[in-house]
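For reference, the structure is listed below as structure tokens.
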Amino acid sequence: QQPVQSPQAVILREGEDAVINCSSSKALYSVHWYRQKHGEAPVFLMILLKGGEQKGHDKISASFNEKKQQSSLYLTASQLSYSGTYFCGTVSYGGATNKLIFGTGTLLAVQP
Amino acid sequence: NAGVTQTPKFQVLKTGQSMTLQCAQDMNHEYMSWYRQDPGMGLRLIHYSVGAGITDQGEVPNGYNVSRSTTEDFPLRLLSAAPSQTSVYFCASSDRYTYEQYFGPGTRLTVT
């Protein structure tokens, strides 16, 4: 079953912040975040492996609450280059580590 | 390094025809996967492999076959194409230590 992402879409002005949530009904081993620009392949942002882990990538960071089976992606001081569709991907306990199940995506549009 | 390559880039098939989508990687990655991407559905896992000779089904395997005779190649076969298989197909590879998936540029398939 696909993880659920929210919101489905968000529009920001440059410099504003956004949070994208990812929720699963299964116990998770890891959560992955990818960004896809229109007409291109998805590109890896980060992976979170431990409960409560937080990671950062420039002004993009993420948290993983293993107990709640949830992850959130935080985009601070957004830039035009952040526009795209963001996908979370989850790996469940007991599965192969490349059995990555993606959510349906969150479309982020950053306007000047 | 070429990374992950996919051929063809575009393909039009008639219902009932068969074809093979090619995927190759030159990063010596053990793990490879096939996804399809449809509007509003995100990326859905078709088949995946954790090494040469080992493959397994993902979320939407019906109508597709895979084999992995070498580490580098992971072809996807459509046995009898149907309009419901119209989609963009992505191949991805990763290694067992970093889990980051590298995606190929995709194949846009239309079945009429």
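Values below: every heavy atom of this structure, side chains too, minus hydrogens, waters and symmetry copies. In this text the structure is predicted, and so the values were computed from the model without any measurement. Residue numbering restarts at 1 for every chain, and letters A, B, ... go by the order of the sequence lines.
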- Do you reckon B:Met19 sits in the same ILVMFWY cluster as B:Val66, going by side-chain contacts under 4.5 Å, direct or chained?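 Shared cluster, yes.
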- Task: Answer yes if B:Phe90 and A:Phe102 sit in the same cluster of Ile, Leu, Val, Met, Phe, Trp and Tyr residues linked by side chain heavy atoms under 4.5 Å apart, and no otherwise.
- Result: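 Result: yes, single cluster for both.
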Tell me, for [X] versus chain A, whether the close heavy atoms (under 4.5 Å) come from the side chain, the backbone, both or neither.
X: B:Tyr31; answer: both
X: B:Gln6; answer: neither
X: B:Glu30; answer: neither
X: B:Tyr102; answer: neither

- Looking at B:Gly104 and A:Ala41, what are the two nearest heavy atoms and their distance? O-CB, 3.2 Å
- Can you name the nearest heavy-atom pair linking B:Gln101 to A:Tyr34, along with the distance?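 Closest heavy-atom pair between B:Gln101 and A:Tyr34: N-OH, 2.9 Å.
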- Query: With a 4.5 angstrom heavy-atom cut-off, which part of A:Gln5 approaches chain B: side chain, backbone, both or neither?
  - Reply: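 Nothing of A:Gln5, per the 4.5 Å heavy-atom cut-off to chain B.
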- Message: I'd like to know whether CD1 of A:Ile11 has more than 12 heavy-atom contacts from other residues, nucleotides or ligands below 6.0 angstrom.
- Response: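 It does not: A:Ile11 CD1 has 12 such atoms or fewer within range.
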- Taking atom NZ of A:Lys68 as the centre, does the number of heavy atoms from other residues, nucleotides or ligands within less than 6.0 Å exceed 12?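 Counting other residues, nucleotides and ligands, NZ of A:Lys68 stays at 12 neighbours or fewer.
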- Item | Nearest-0.5 Å distance that lies between atom CG in A:Leu100 and atom OH in B:Tyr48 | 11.5 Å
- Going through the distances and angles, do A:Asn98 and B:Val50 end up as a side chain to side chain contact (heavy atoms under 4.5 Å, CB included)? CA-CA 8 Å; A:Asn98 67 328; B:Val50 297; 3.5 Å; yes
Heavy-atom distance under 4.5 Å between the side chains of [X] and [Y], does that happen here?
X: B:Tyr99; Y: A:Ser30; value: no
X: B:Leu45; Y: A:Ile101; value: yes
X: A:Pro42; Y: B:Leu43; value: yes
X: B:Phe103; Y: A:Gln36; value: no

- Residues of residues 83-94 of chain A with any heavy atom under 4.5 Å of a heavy atom in chain B: A:Phe87
- Sorted by number, residues from residues 104-112 of chain A in contact with chain B (heavy atoms, under 4.5 Å):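 The stretch touches chain B at A:Thr104.
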- Message: Keeping A:Gln2 on the side-chain end and B:Arg44 on the backbone end, is there a donor-acceptor pair under 3.5 Å?
- Response: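 Answer holds: no.
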- Query: Which residue out of B:Arg108, B:Glu100, B:Met32, B:Glu59 racks up the most heavy-atom pairs below 4.5 Å with chain A?
  - Reply: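 It is B:Glu100.
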